[in-house]
Amino acid sequence: MLAGPMPPPEMGANGTCLCVEPHPPFSHPARPPQCFFFDLGLNVGDSTVAFFDLNHNDPHFPHFPCIFHKASSYVGACTKTATAARQILGDVTLPALRERGLEPRDCHVVGVEMLGKYSSPLSAVAANLSSAGRSVEFLLERAATTCEANLSYSLSKFATDGLLPAAGLGRAKHRVRSVNVLRLLMERTQPQDFVVMKMDLEGHEYHLIPCLASSRRARTLIDQLFVEEHGLMNWAEYYKLENAYKVLRPHMLINTRWP
């Protein structure tokens, strides 16, 4: 009897992403310390725009980029959350940046967004920020997770089932290429950098945060972690997440009340 096809090395037998520690060496040239903002779950880019506007200099904030939401109710909700995000970052992140002689405009933003409906607005946001001299890198229609693979997802099942393999899932309506957040972090940052990470991953934080905690290298690269938690999945997942926070807290500030 012939065995079935072997799963890719970054996929588990059940078709979900494993927690993959990137193995290739990441040799970085010597350089002065830099700052990074990883925006995982960009939506329309309101958190990124809020990060760059911590000095309250943009008269168009928060209406840009929230105006890209078509329904007025979503515009209002986006405006509220963007303003709250700027308040949190202003209270917590801005003083830490200035202690290092940095301003938000000095930082590089790496953003990831899974949903294709936001690609056009995010391209406009990236162009607007770049024209203003800001450094942005948006990975669009990519899922922020713990492996590199072609995955499918169902929005109604995402928080409980996670990201699933592209083949053989009749109920999955969308396909996306994933990006390994640990690799993204290790490729772009160095230990002397100041790194802020925001997660709004519709439940996938229950998988990604324990993976970050398990990596000795990755957990030493982040200075501030902001998380929007999406409710209790089950008690096992809850304790797994809480244990991951215990591992991470000696290395970074953690705020789980992202708006």
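FYI, the numbering just counts along the sequence from 1.
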About how many Å separate [atom2] of [Y] and [atom1] of [X], when rounded to the nearest 0.5 Å?
| X | Y | atom1 | atom2 | answer |
| --- | --- | --- | --- | --- |
| Leu139 | Arg177 | CG | CZ | 12.0 Å |
| Glu228 | Thr81 | CD | OG1 | 8.5 Å |
| Arg100 | Phe194 | CZ | CZ | 5.0 Å |
| Ser47 | Ile88 | OG | CD1 | 9.5 Å |
| Asn150 | Ser178 | CG | OG | 7.5 Å |
| Leu97 | Arg105 | CG | CZ | 11.0 Å |

Check whether any side-chain heavy atom of [X] lies under 4.5 Å from a side-chain heavy atom of [Y], and answer yes or no.
| X | Y | answer |
| --- | --- | --- |
| Thr48 | Phe138 | yes |
| Val109 | Phe52 | yes |
| Thr220 | Pro191 | no |
| Met186 | Glu21 | yes |

Between His204 and His207, what is the ring plane arrangement, given parallel below 30°, perpendicular above 60°, and tilted in between?
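Rings of His204 and His207: tilted, as their planes differ by 30° to 60°.
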
Which class fits the ring pair His108 and Phe36: parallel under 30°, tilted 30 to 60°, perpendicular over 60°?
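Perpendicular: the ring planes of His108 and Phe36 meet at over 60°.
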
Would you please name every residue forming a side-chain contact (heavy atoms from CB on, under 4.5 Å) with [X], sequence neighbours left out?
| X | result |
| --- | --- |
| Lys80 | none |
| Glu187 | Phe26, Arg183 |
| Ser130 | Val136 |

Show me, pair by pair, the donor-acceptor contacts under 3.5 angstrom made by side chains of residues 243-259, not counting sequence neighbours?
from: Asn243; atom 1: ND2; to: Tyr239; atom 2: O; distance (Å): 3.1
from: Tyr245; atom 1: OH; to: Glu229; atom 2: OE2; distance (Å): 2.7
from: Asn255; atom 1: OD1; to: Arg257; atom 2: N; distance (Å): 2.8

Among residues at least two apart in sequence or on other chains, which ones pass salt bridge (charged side-chain N to carboxylate O under 4.0 Å, His left out) with [X]?
| X | value |
| --- | --- |
| Arg142 | Glu148 |
| Asp200 | none |
| Arg98 | Glu103 |

Applying side-chain contact (heavy atoms from CB on, under 4.5 Å) to Leu208 and Leu40, what does each step give before you reach the verdict?
CA-CA 11 Å; Leu208 179 53; Leu40 307 182; 4.1 Å; yes

Heavy-atom pair with the smallest gap, counting every atom of [X] and [Y]:
| X | Y | answer |
| --- | --- | --- |
| Gly45 | Leu122 | N-CD2, 3.5 Å |
| Cys147 | Leu18 | CB-O, 4.2 Å |
| Val44 | Val125 | O-CG2, 3.6 Å |
| Glu141 | Gly116 | CG-CA, 3.6 Å |
| Pro62 | Thr83 | CG-OG1, 3.5 Å |
| Cys17 | Leu151 | SG-CD1, 4.0 Å |

I need the full list of side-chain hydrogen bond (donor to acceptor under 3.5 Å, both in side chains) pairs touching residues 85-95, with sequence neighbours left out, sorted by first then second residue.
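For residues 85-95: Asp53-Arg86, His56-Arg86, Gln87-Asp91, Thr93-Gln224.
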
Aromatic ring centroids of His63 and His60 under 6.0 Å?
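Centroid distance His63-His60: not below 6.0 Å, so no.
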
Test side-chain contact (heavy atoms from CB on, under 4.5 Å) applied to Leu212 and Met199, step by step
CA-CA 12 Å; Leu212 283 173; Met199 289 187 195; 3.5 Å; yes

Under the side-chain contact (heavy atoms from CB on, under 4.5 Å) rule, what do Leu94 and Asn55 come out as? Steps first, then yes or no, please.
CA-CA 9 Å; Leu94 188 58; Asn55 295 321; 4.1 Å; yes

Determine yes or no for a side-chain-to-main-chain donor-acceptor pair under 3.5 angstrom, with Lys198 supplying the side chain and Gly41 the backbone.
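At least one qualifying donor-acceptor pair exists.
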
Determine yes or no for a side-chain-to-main-chain donor-acceptor pair under 3.5 angstrom, with Gln190 supplying the side chain and Gln192 the backbone.
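Here the side-chain-to-backbone pair does not exist.
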
Apply side chain to side chain donor-acceptor pair (under 3.5 Å) to Arg188 and list each qualifying residue two or more places apart in sequence or on a separate chain.
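Residues passing side chain to side chain donor-acceptor pair (under 3.5 Å) with Arg188: Glu137.
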
Output all residues satisfying side chain to side chain donor-acceptor pair (under 3.5 Å) with Asp46, sequence neighbours left out; order by chain, then residue number.
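With sequence neighbours excluded, Asp46 shows a side chain to side chain donor-acceptor pair (under 3.5 Å) to no residue whatsoever.
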
Could you go step by step and tell me if Arg31 and Asp193 meet the salt bridge (Lys or Arg N to Asp or Glu O under 4.0 Å) rule?
CA-CA 10 Å; Arg31 58 166 173 74; Asp193 295 333; 2.6 Å; yes

Thr145 and Val179: side-chain contact (heavy atoms from CB on, under 4.5 Å), yes or no, with the steps?
CA-CA 6 Å; Thr145 182; Val179 58; over 6 Å; no

Does the side chain of Asn180 come under 3.5 Å of the side chain of Thr146 through a donor N or O and an acceptor N or O?
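No, because no side-chain N or O of Asn180 sits under 3.5 Å from a partner of the opposite role on Thr146.
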
Out of Asp39, Leu184, Leu42, which one pairs with Val112 under the side-chain contact (heavy atoms from CB on, under 4.5 Å) rule?
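Filter result, single survivor: Leu184.
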
Would you please name every residue forming a ring pair (Phe, Tyr, Trp, His ring centres under 6.0 Å) with Phe64, sequence neighbours left out?
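Counting only residues at least two positions away or on another chain, Phe64 forms a ring pair (Phe, Tyr, Trp, His ring centres under 6.0 Å) with Phe68.
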
With Phe38 via ring pair (Phe, Tyr, Trp, His ring centres under 6.0 Å) - residues at least two apart:
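Ring pair (Phe, Tyr, Trp, His ring centres under 6.0 Å) check on Phe38 returns nothing, list empty.
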
